[in-house]
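Just below is one structure, and these are the notes that go with it.
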Amino acid sequence: MLQLPYLREHKEDAIAGLKKRNNLNATETVESLIAMDDERKRLQSELDTRLARANQIAREIGEMFKSGKAAEANALKEETAAIKEESKELESKLAETENSIRDMLYTLPNVPCYMIPFGTGPDENVVAEEHGTIPKLHSGAMPHWDLAKKYDIIDFELGVKVTGAGFPFYKGKGARLQRALINFFLERATTAGYTEYQAPLMVNEASGIGTGQLPDKEGQMYYMPADDYYMIPTAEVPITNIFRDTIQKAEDLPIKACGYTPCFRREAGSYGKDVRGLNRLHQFDKVEIVQIVHPDVSYDVLEEMRNHVTSLLKELELPYRVLQLCGGDMGFASAYTYDMEVFSAAQEKWLEVSSTSNFETFQSNRLKLRFKDGDSKPRLAHTLNGSALALPRILASLLENHQTPEGIRIPKVLVPYCGFEMID
RNA sequence: GGAGACUUGUCCGAGUGGUUUAAGGAGCAAGCCUGGAAAGUUUGUAUACGGGUAACUGUAUCGAGGGUUCGAAUCCCUCAGUCUCCGCCA
């Protein structure tokens, strides 16, 4: 959520930035927010005047009762009736104005960093880095969904029977490989200084609001009405919300946290070959890394996180590229996003396996996540997160790229984690 | 799921309608004291939104939200959470 003082002081920058997101009427929105905020201030100070008077009267009445002047006290009481009525009216107008401001701010996306290019969609993302060579597959090479069947390591039909489409079973070496990947990713994250958490897989509404999934995008999350909980779409939600409503000490920054969780996404309306096999699931596994940092260093930290993610891909011997997303393709809360994609050799396409973003103060403002340097005023921290990594597409790419006529070769780095060298 | 007790500031803790503008203590910070430190002592020590160049000042916040009252940490209602006991349970 953007901050009103920021919108006031950097109005032109904010509007220009929002326009990078194809935001049709950024100017109008920002102008009307500022006007509503002026109104809010006016109402607030009028209300404060009334309340100050009412408090004063209450104190005077107290004194009078004490000194036995009950009659005078009763006379004073009459004055309060009018004040109360005015206060009530001002209060409800104020609440109304505050709600309108809040609703508008909730639906307003983050202002992209000044370095972010214009662009209306995925085609205009910028390739920031490419690494590795695309493997030449032997004749008879298969896409991962056929490999999964051939080696009996993933069962999509069984998932449909037990739950529904998008909830596969991993089986035998498939399951062990998943577990190996999770352990490998967690091991690398904790070595890099991230504290590991095992988080709840359901969150309450306040947490969904804190990281920006609510109130706008409840459609992407599974919802449990009996208890008013949401299944997490990413570990970012519980892990970042650990720090909601806190004031950190500057010397404790950066805070680095990571966690493995299954992730649940409804992804309504998806279909076709883009969602075939492991390409898009309703439940998938992911290791997430999160940092809470001082605003001065957040862009250095973003590069650090990018390097962390790409080093994993190198170790897994997967060809990858890093995209710098353009304004039109960036997520709602992000100021700057890198997407990491691996090449899936049999499908012959790039698959997104990580999205690593700097949210600047957009999340921390919603979360009320601040830090304090000595006696200075609390300031909003910057938050960042990244997938490190999402499993299914890594698995798809591993299976397809490393397939041989003899079986699927496990990258060396994973062998100690899964305990076998080939799936055959 | 049932019954009861409870939730106060950074922490502990007092407070059942009006000098509570939240006692007292601990911690922390600064000053004094000291050769230096400890002890002692004094002062300060929350957050949000306003007004003011500033000193300062107004309002709100005692788990959350509502209500009663001229006035609520205190009384009433709803909800959440913690603890104890009972029931059920991996």
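Every heavy atom of this structure was used, including side-chain atoms; hydrogens, water molecules and symmetry mates were not. Labels below follow one simple rule: chain letters A, B, ... track the order of the sequence lines, proteins then strands, and each chain is numbered from 1.
As rounded to whole Å, 19 Å separates atom P of B/U57 from atom CG of A/L51. Distance CZ (A/R42) to C1' (B/G51): 16 Å, rounded to an integer number of Å. Rounded to whole Å, the distance from CD on A/E98 to P on B/G50 is 10 Å. Rounded to a whole Å, the CD1 atom of A/I83 is 15 Å from the C1' atom of B/G58. Nucleotide B/A64 holds its P atom 13 Å from the NZ atom of A/K368, rounded to whole Å. Between A/D48 atom CG and B/U61 atom P the separation is 12 Å, expressed in whole Å. The CD1 atom of A/I101 sits 18 Å away from the P atom of B/A48 (whole-angstrom rounding). Note: CG (A/D227) to P (B/G1) measures 9 Å, nearest angstrom.
A salt bridge links A/D38 to A/R8: at least one charged side-chain nitrogen sits closer than 4.0 Å to a carboxylate oxygen. A salt bridge between A/K149 and A/D146 is absent, with no side-chain N of the basic residue lying under 4.0 Å from a carboxylate O of the acidic one. In this structure, A/E251 does not pair ionically with A/K249, as no charged nitrogen and carboxylate oxygen lie closer than 4.0 Å. Look at A/R42 and A/E46 and you find a salt bridge, because one of the NZ, NE, NH1 or NH2 atoms lies within 4.0 Å of a carboxylate O, short of that distance. Checked for salt-bridge contact, A/K412 and A/E315 miss the test: no charged N lies under 4.0 Å from a carboxylate O. Salt-bridge annotation for A/E31 and A/K11: present, with a side-chain N of the basic residue lying under 4.0 Å from a carboxylate O of the acidic one.
Nucleotides B/G40 and B/G58 place their P atoms 36 Å apart, quoted to the nearest Å. Of the P atoms belonging to B/U7 and B/G13, the separation is 10 Å, rounded to the nearest Å. As rounded to the nearest Å, B/G24 and B/C33 have C1' atoms that lie 26 Å from one another. Going from the C1' atom of B/A29 to that of B/A23 covers 23 Å, rounded to whole Å. The C1' atoms of B/C28 and B/G50 are separated by 30 Å, rounded to the nearest whole Å. Taking the P atoms as reference points, B/C56 lies 33 Å from B/G66, given to the whole Å. Across the C1' atoms, B/A5 and B/A90 are found 29 Å apart, a figure rounded to whole Å. The gap from the P atom of B/C77 to that of B/C88 amounts to 32 Å, rounded to the nearest Å.
For A/A52, the side-chain atoms get nearest to B/G58 when compared with the rest of B/U47, B/G50, B/G58.
Between A/R370 and the phosphate of B/A48, there is a side-chain N or O to OP1/OP2 separation shorter than 4.0 Å. Applying the 4.0 Å criterion to OP1 and OP2 of B/U10, one finds that A/K249 has every side-chain N and O outside that range.
Counting only Watson-Crick and G-U wobble pairs whose two distances sit under 3.5 Å, RNA chain B takes part in these stems of three or more pairs: B:1-7 with B:80-86, B:10-12 with B:24-26, B:27-32 with B:40-45, B:46-51 with B:56-61, B:63-67 with B:75-79.
Nearest-nucleotide positions on RNA chain B for A/K377 and A/R53 put A/K377 closer to the 5' end. Nearest-nucleotide assignment on RNA chain B puts the 5′-proximal partner with A/Q44, out of A/Q44 and A/L47.
For A/E304, the side chain to side chain donor-acceptor pair (under 3.5 Å) partners are A/K256, A/Q291, not counting sequence neighbours.
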Whether each nucleotide of nucleotides 69-74 of chain B has a protein heavy atom under 4.0 Å at its base (B), only at its sugar-phosphate (S) or at neither (-) is summarised, 5' to 3', as -BS---

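No donor-acceptor pair under 3.5 Å is formed between the side chain of A/R393 and the backbone N or O of A/L351.
A cation-pi contact, defined as under 6.0 Å to the ring centre and within 45° of the axis, links A/K173 to A/F420.
A/R276 and A/N279 form no side-chain donor-acceptor contact under 3.5 Å, judged by distance and modelled atom types alone.
Surrounding CD of A/E85 are at most 12 heavy atoms belonging to other residues, nucleotides or ligands under 6.0 Å away.
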